[in-house]
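All figures in this text were calculated on a predicted structure; none of them were measured in a lab. In this chain, residues are counted from 1 in sequence order.
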Amino acid sequence: MWTLYVGIFIALVWILDYFLLDRRQYQLVKKLNSAPRLPLIGQAWVVAGTKPNQMYELCIKLYEKYNQKFPNILCTYIGNKLEIGLSNYKYVERILTSTKFNAKSSLYSFLGDVLGNGLLFSSNQKWFERRRIITPTFHFKILSQFFEVFQKQSQNLCNELEDVADGRTFDITPYINMTVLKSLCETAMGCEINEKDYSYLNAVKELSYHVATSFLTPWHRIKFIFNLTPTKRAQDKCAKIIHDFTTKLIEERRKLLIKSGESQDLTDLDNDEIGLKRKMCLLDVLLQSTSNGKPLTNDDIREEVDTFTFAGHDTTTIATCFTLYMISKHVDVQQKLNNEIEEILGKDEVTFKSLSEFKYLDMVIKETLRLYPPVPIISRRLHEEDDFGDFVAPGNANYNIALFALLKDSTIFERPDEFIPERFMGNISPFGFIPFSAGQRNCIGQKFAMINIKTTIINILRNFEIIPGFIEPKIEFHITLKSNGSFIALQKKIK
Ligand code: HEM
Ligand SMILES: *[C@@H]1O[C@H](CO)[C@@H](O)[C@H](O)[C@H]1NC(C)=O
Ligand SMILES: *[C@@H]1O[C@H](CO)[C@@H](O)[C@H](O)[C@H]1NC(C)=O
């Protein structure tokens with residue numbers, strides 16, 4: 001009797017699978033690389049049970065195992081949803097330069113639900129409009145004001161670091177993460193933040209953990225089931241903390257703007273006066289902008305401001321911490337950096353103008369971003385299929401670009417695992433080195449981030465000798481690259 005039941009069960013699964021699977025898409029997938037697919041669950045079995053901290057190893061393992069027909073591209077069905085992982089230079093360029101791939105992958109909706117559809121998550125017309133509004137915030141003249149904030153915060157940081165600069169190993173992450181957050185708040189929202197706002201930082205951090213968990217849990221993709229999970233409850237708690245924090249700031253700033261009474265015209269950026277009268281910040285730009293003739297609402301603004309702090313703070317923290325970590329490990333690199341500082345600055349303070357002369361420092365940061373990309377994966381959605389030449393890319397699929405793998409591609413970077421800043425003196429293929437992504441949806445904060453990181457590193461190097469710590473970091477892989485710390489030691493320099 002039971003054989004009959006089993007038989008009926010198998011038939012049912014088979015029939016259901018037949019109706020749920022997109023046949024055309026599956027035909028295309030079969031021509032590409034993939035692991036064996038089971039009815040209904042697809043290849044979910046290869047990712048099920050993976051913790052966020054194991055994702056890095058899993059990606060590399062899958063790549064090695066199933067990469068037969070085309071290099072560095074792999075299809076996986078999670079249920080009947082198609083995910084395509086890739087890190088092939090040629091295909092990455094194709095995706096990042098094609099307008100067909102403007103939309104972010106459906107995976108981002110986990111975040112979008114919490115943060116709102118700010119610049120990072122929106123697509124099409126809304127994205128285009130917002131990008132137009134926000135771009136002036138990163139104008140050269142405004143960046144030069146932001147530099148003043150970075151400089152002030154770096155100097156505060158150096159004062160704080162004196163307490164721990166006794167040659168003993170410590171974790172510098174909490175120092176850097178507060179400095180970055182303070183700089184971000186002041187430049188994005190025009191306010192100074194203090195220690196008691198740690199809860200905001202922690203909410204942002206916890207949120208990325210929950211979202212990474214959902215990426216890897218197939219049934220979280222079914223909304224009504226997800227809404228019943230503890231992850232959803234925890235995520236909502238973080239969201240509330242984040243929303244309350246930003247909403248308060250927006251309301252304060254609106255009041256301040258009304259009180260000060262003057263409204264600056266941002267459209268005329270060639271005007272030397274711009275931003276010089278009063279410190280400009282992202283929030284002011286947004287408060288004074290219009291979309292289709294209407295001013296942005298508090299919710300529109302909150303969505304952009306939250307996206308900003310979310311996109312800016314973790315990434316910059318990781319980049320700064322790992323640059324310090326790499327400098328601590330390479331005595332020769334530190335010596336060259338010190339020489340560069342001496343040559344360019346002598347006894348003077350660093351200025352916005354002199355920052356662009358730090359060519360070696362620039363290479364050191366780039367090489368760190370290559371080995372420790374703060375954003376290891378980016379993801380796009382393709383709605384309708386697209387002919388790549390070598391194969392037809394299936395539609396209705398997420399395309400997950402493994403930046404961490406691309407940045408270690410040995411056909412682009414010789415001896416890819418080694419730390420060699422000088423490699424950036426040569427020509428690197430434009431789509432080979434893309435820690436900030438590329439194309440029209442590249443990182444809008446790239447210059448902002450580089451200026452911030454450089455200012456911090458220069459100030460630390462002027463005050464301290466950086467010594468290797470005794471503890472190696474453990475690297476994890478949430479939405480951003482995570483590590484359990486950045487362990488270095490400092491010794492105060494005698495001036
Ligand atoms: C080292 C630091 C940083 C790295 C490595 C980095 C990396 C990236 C990457 C890879 C993307 C593309 C994401 C995707 O396609 O899904 C991106 C987008 C973005 N980044 Fe950054 N980022 C950094 C710092 C910042 C900072 C400081 C800000 C804000 C001040 C920022 C704001 C944004 C925004 C708003 C987007 C979305 C742009 C759009 O879609 O139009 N980022 N970033
Ligand atoms: C910043 O550092 C503090 C202190 O170590 C830590 O508790 C917090 O989780 C860190 N936040 C982020 C976002 O990394
Ligand atoms: C971080 O992880 C490394 C490697 O597993 C370990 O040796 C170290 O003790 C950890 N450090 C902390 C502070 O947890």
Side-chain angles (χ1 to χ4, degrees), residues 1-86 105-110 113 209-235 377 379 381-385 391-400 402 477-478:
M1 201 51 192
W2 63 270
T3 44
L4 182 67
Y5 289 139
V6 171
I8 292 173
F9 179 72
I10 291 175
L12 275 177
V13 166
W14 195 84
I15 291 167
L16 202 59
D17 186 57
Y18 184 85
F19 284 109
L20 285 175
L21 192 68
D22 176 341
R23 290 280 129 192
R24 166 69 187 159
Q25 189 189 55
Y26 188 49
Q27 261 177 1
L28 296 175
V29 166
K30 278 198 289 196
K31 296 196 182 127
L32 279 162
N33 314 325
S34 68
R37 183 187 157 276
L38 296 178
L40 287 186
I41 56 174
Q43 285 103 353
W45 54 276
V46 294
V47 296
T50 310
K51 293 265 177 324
N53 62 6
Q54 298 159 337
M55 212 150 108
Y56 212 102
E57 287 97 71
L58 179 78
C59 287
I60 292 176
K61 201 183 82 193
L62 290 179
Y63 252 29
E64 280 170 4
K65 200 158 166 196
Y66 298 111
N67 227 340
Q68 312 100 349
K69 298 171 195 153
F70 298 93
N72 298 354
I73 179 161
L74 178 78
C75 304
T76 322
Y77 276 102
I78 310 289
N80 63 344
K81 301 255 192 306
L82 180 57
E83 301 286 340
I84 301 183
L86 75 164
S105 112
S106 52
L107 292 176
Y108 288 61
S109 68
F110 286 118
D113 287 348
Y209 181 81
H210 297 316
V211 174
T213 306
S214 292
F215 275 11
L216 293 167
T217 316
W219 54 88
H220 280 192
R221 293 171 194 223
I222 305 165
K223 253 220 155 78
F224 78 91
I225 297 184
F226 176 59
N227 287 343
L228 300 173
T229 61
T231 303
K232 164 77 173 151
R233 279 195 299 279
Q235 186 175 299
I377 288 199
S379 188
R381 181 138 189 106
L382 179 64
H383 293 288
E384 277 163 42
E385 63 189 47
F391 55 85
V392 175
N396 283 323
N398 293 333
Y399 285 73
N400 307 315
F477 193 33
H478 296 190

Can you tell me how far CD1 of Ile10 sits from OH of Tyr5, rounded to the nearest 0.5 angstrom? 15.0 Å

Sequence neighbours left out, what passes salt bridge (charged side-chain N to carboxylate O under 4.0 Å, His left out) with Lys232? Give chain and number order. Asp236

Got a sec, which residues hit side chain to side chain contact (heavy atoms under 4.5 Å, CB included) with Glu385, two or more places apart in sequence or on another chain? Arg24, Leu28, Val392

Got a second to check how far His210's NE2 is from Thr231's OG1, nearest 0.5 Å? 7.0 Å

Side chain to side chain contact (heavy atoms under 4.5 Å, CB included) involving Leu228 - partner list, sequence neighbours excluded: none

dist Gln27:CD -> Leu32:CG (nearest 0.5 Å) comes out at 12.5 Å

Tell me the closest heavy-atom pair linking Leu382 and Ala393, and the distance in Å. CD2-O, 3.9 Å

Point-to-point distance, once rounded to the nearest 0.5 Å, from OG1 of Thr76 to NZ of Lys81: 14.5 Å

Assess the residue pair Thr229 and Phe226 against the criterion (side chain to side chain contact (heavy atoms under 4.5 Å, CB included)); give the C-alpha distance rounded to whole Å, side-chain angles, the decisive distance to 0.1 Å, and a yes or no. CA-CA 5 Å; Thr229 61; Phe226 176 59; 3.6 Å; yes

Taking all non-hydrogen atoms of both residues into account, name the closest pair between Ile377 and Ala402 and its distance. CG1-CA, 4.2 Å

List the atom of Pro394, the atom of Gln25, and the distance in Å for their closest heavy-atom pair. CB-CG, 3.8 Å

Suppose we screen for side chain to side chain contact (heavy atoms under 4.5 Å, CB included). Which residues come up paired with Ile225, at least two apart in sequence or across chains? Trp219, Ile222

For Asn396 and Glu384, what are the C-alpha separation, side-chain angles and deciding distance, and is it a side chain to side chain contact (heavy atoms under 4.5 Å, CB included)? CA-CA 6 Å; Asn396 283 323; Glu384 277 163 42; over 6 Å; no

